[in-house]
Protein chains: 2
Amino acid sequence: MHDRIEITRAEDAGAKGFEKVFAFLRARLLAGDLKPGDRLLPERELAVILGVSRPIVREALRALTVLGLVEIKDRVGTVVRRPDVSVLNDFFAFAIAQATDVVDDVMQARIAIECQAIRLAAARATIADFERLGAALARIAPTIHDPEAGARADYDFHRSLVRASGSETLAVLYDAMAEVLMTSHVGRRRTLDAFGEIRTYLIEDHRRLFQAVVERDPERADRLLREHFAIGDEFRRKAAIGEMRPAASA
Amino acid sequence: MHDRIEITRAEDAGAKGFEKVFAFLRARLLAGDLKPGDRLLPERELAVILGVSRPIVREALRALTVLGLVEIKDRVGTVVRRPDVSVLNDFFAFAIAQATDVVDDVMQARIAIECQAIRLAAARATIADFERLGAALARIAPTIHDPEAGARADYDFHRSLVRASGSETLAVLYDAMAEVLMTSHVGRRRTLDAFGEIRTYLIEDHRRLFQAVVERDPERADRLLREHFAIGDEFRRKAAIGEMRPAASA
DNA sequence: GTCCGACCGTGGTCAGACCAATAAGCACGA
DNA sequence: TCGTGCTTATTGGTCTGACCACGGTCGGAC
């Protein structure tokens with residue numbers, strides 16, 4: 001059952017056309033009195049009320065749609081939704097398409113977020129968080145020779161850390177980079193699988209991180225995580241310059 | 001003089017209407033062969049080529065516009081632009097409009113980003129960075145009784161830290177929260193101005209941070225910055241529960 | 001009371017028209 | 001030949017009106 005939201009007065013912002021409609025709807029959404037699930041007036045009504053043609057209303061609604069703020073349902077109407085983090089995924093995808101050598105830089109953001117998250121997790125994690133982390137940890141060893149599944153397992157472990165932080169903002173930012181991070185995880189797992197020396201690193205390091213969180217030691221957790229990243233970087237460096245020997249056949 | 005980009009073949013994605021056009025343009029942008037400044041074909045041509053009506057093309061272009069990916073110039077055409085970080089500001093503004101008590105959580109992201117940034121700054125800052133930081137530092141004392149200007153000065157100092165990190169990604173994320181952070185800075189400066197005990201904190205703490213960066217000590221810089229945030233939180237807590245005395249009249 | 005058909009409402013899209021404004025091209029005059 | 005003025009073409013901005021698809025609701029008939 002939808003609540004129909006009465007939009008009764010056009011705001012006079014000196015704008016007209018698309019800008020007027022977009023600003024009007026944006027203001028309503030920002031005012032916070034439209035809640036997810038609320039349905040806006042039909043396009044034809046909005047057009048009359050705002051004194052514009054229907055295609056202009058549609059342009060504005062489309063714009064809000066790609067921002068993840070509303071959803072246009074065919075033959076139903078336009079429904080307010082929670083801000084959709086996948087918008088940010090697109091943003092980063094586009095930014096990266098236009099840049100060079102950004103992946104390493106995104107790693108800085110990853111480090112920033114995860115190190116803060118693990119501090120918070122050590123302070124705030126719930127039993128459910130520990131269970132999630134434990135389950136993710138258990139998936140690391142069996143996937144040691146499968147870069148795709150292994151990347152998934154790695155990502156899940158780290159994402160569980162962020163979740164255990166209890167910080168929605170950190171989670172949003174982390175999820176915004178999900179695709180980039182997954183690509184990075186796959187690449188790293190491929191590199192590590194090609195060289196056999198580092199299985200203990202992967203399994204033991206993740207276990208140590210888990211332990212630090214469980215033992216509620218934010219400083220140690222942060223430090224171990226930074227070391228975890230630094231060791232990963234070192235392996236990558238060695239692989240790049242040929243200091244590592246390929247694994248004997250598995 | 002614009003480069004006209006020939007879009008010669010519609011991708012068959014099984015979609016139609018808006019989705020078809022949006023996906024097509026999105027793919028072209030993601031392919032990375034459209035550069036900022038490039039001009040897309042006129043709307044009428046795109047409509048013919050893609051076999052849709054012009055309002056549908058417009059909807060798709062509008063969508064790309066609000067994502068900051070292109071700019072529709074009246075009577076000129078649609079021009080590719082660099083991804084615009086202000087999109088993210090809107091995202092956070094909307095997210096906050098729909099949530100309660102998010103500002104404190106955004107602070108976690110701020111801490112994450114700045115602490116990583118100051119580590120990188122201590123390692124990477126250039127002379128120009130030091131000059132920017134120094135100039136921002138010099139603006140803190142004279143604005144001590146002016147919450148608006150003071151907030152600006154505070155923000156500038158911290159933004160300079162992020163810039164000195166040399167990490168574009170950290171800068172993007174930080175700028176995404178610029179409006180939220182400015183609001184937070186204003187509020188903090190107002191609170192601190194109402195209570196006079198903390199002028200030394202503001203001026204001296206920022207100076208210490210600057211010093212740690214100049215002396216290229218990432219660990220100390222990180223620690224001092226965390227303490228800086230913790231002290232700010234403590235002042236806020238005391239103000240909230242009435243433990244601080246209002247300042248004698250200035 | 002149940003089922004079926006018709007109608008209404010809503011978004012999705014199309015076609016065609018008009019407007020505004022700038023830039024480019026052409027013609028004419030000095 | 002060059003400069004100026006006028007006209008035309010181009011492009012986005014918007015409007016109007018029409019049609020389509022389809023789901024939901026209501027009313028009527030059995």
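In the text below, chain A, chain B and the rest are named by the order of the sequence lines, each starting its count at 1.
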Between [X] ([atom1]) and [N] ([atom2]), how many Å, whole number?
X: A:L41; N: C:dG9; atom1: CG; atom2: P; answer: 15 Å
X: A:F18; N: D:dC15; atom1: CZ; atom2: P; answer: 13 Å
X: B:I56; N: C:dG12; atom1: CD1; atom2: C1'; answer: 6 Å
X: A:L46; N: C:dT10; atom1: CG; atom2: C1'; answer: 12 Å
X: A:E71; N: C:dG11; atom1: CD; atom2: P; answer: 13 Å
X: B:E43; N: C:dC14; atom1: CD; atom2: C1'; answer: 15 Å
X: B:K73; N: C:dA20; atom1: NZ; atom2: C1'; answer: 18 Å
X: A:I72; N: C:dT10; atom1: CD1; atom2: C1'; answer: 12 Å

Practice item. Can you measure from CZ (A:R58) to CD1 (A:I72) and round to the nearest 0.5 angstrom? Key: 5.5 Å
Check your understanding: At what distance, to the nearest 0.5 angstrom, does CD1 of A:I140 lie from CG of A:D156?
Key -> 9.0 Å
Study note, to complete from the structure: Residues at least two apart in sequence or cross-chain that pass ring-ring contact (aromatic ring centres under 6.0 Å, His included) with A:F18, listed by chain then number, are A:F22
Point to revise | Which residues share a ring-ring contact (aromatic ring centres under 6.0 Å, His included) with B:H206, sequence neighbours left out | key: B:F157, B:H158, B:H228
Point to revise | The single option from B:L40, B:L64, B:D38 passing side chain to side chain contact (heavy atoms under 4.5 Å, CB included) against B:L29 | key: B:L64
Check your understanding: How close do A:A60 and A:V21 get, heavy atom to heavy atom, and via which atoms?
Key -> CB-CG1, 3.4 Å
Exercise for review: Check side-chain hydrogen bond (donor to acceptor under 3.5 Å, both in side chains) between A:Q108 and all other residues, then give those that pass, not counting sequence neighbours.
Suggested key: B:Q116
**Study point:** Partner residues of B:S167 under the side-chain hydrogen bond (donor to acceptor under 3.5 Å, both in side chains) criterion, sequence neighbours left out
**Key:** A:D105
Restricting to side-chain contact (heavy atoms from CB on, under 4.5 Å), what partner residues turn up for [X], sequence neighbours left out?
X: B:P147; result: B:R189, B:R190, B:D193
X: B:E19; result: B:A15
X: B:D146; result: B:E148, B:A149
X: B:S160; result: B:R132, B:L133, B:A136

Protein-nucleotides 6-9 of chain D N/O pairs closer than 3.5 Å?
none

**Study point:** Comparing B:G51 and A:L61 on DNA chain C - which has the more 5′ nearest nucleotide
**Key:** A:L61
**Study point:** nucleotides 21-26 of chain C: protein proximity per nucleotide (B base, S sugar-phosphate only, - neither; heavy atom, under 4.0 Å)
**Key:** BS----
**Study point:** Test item: A:D175 and A:V162 side chains (from C-beta on) under 4.5 Å apart, heavy atoms
**Key:** no
Heteroatom pairs (N/O) under 3.5 angstrom, protein to nucleotides 17-20 of chain D:
none

Exercise for review: Look at atom CZ of B:R110 and say whether more than 12 heavy atoms of other residues, nucleotides or ligands are closer to it than 6.0 Å.
Suggested key: yes
**Study point:** Listed nucleotide nearest any side-chain atom of B:P42, set D:dT11, C:dG11, D:dT14
**Key:** D:dT11
Review point. Nearest to the side chain of B:S53 - D:dT14, C:dC14, D:dT11?
Key: C:dC14
Study note, to complete from the structure: Axis-to-axis angle for the helix from C:dG1-D:dC30 to C:dA30-D:dT1, ends of five pairs each, to 10°, equals 20°
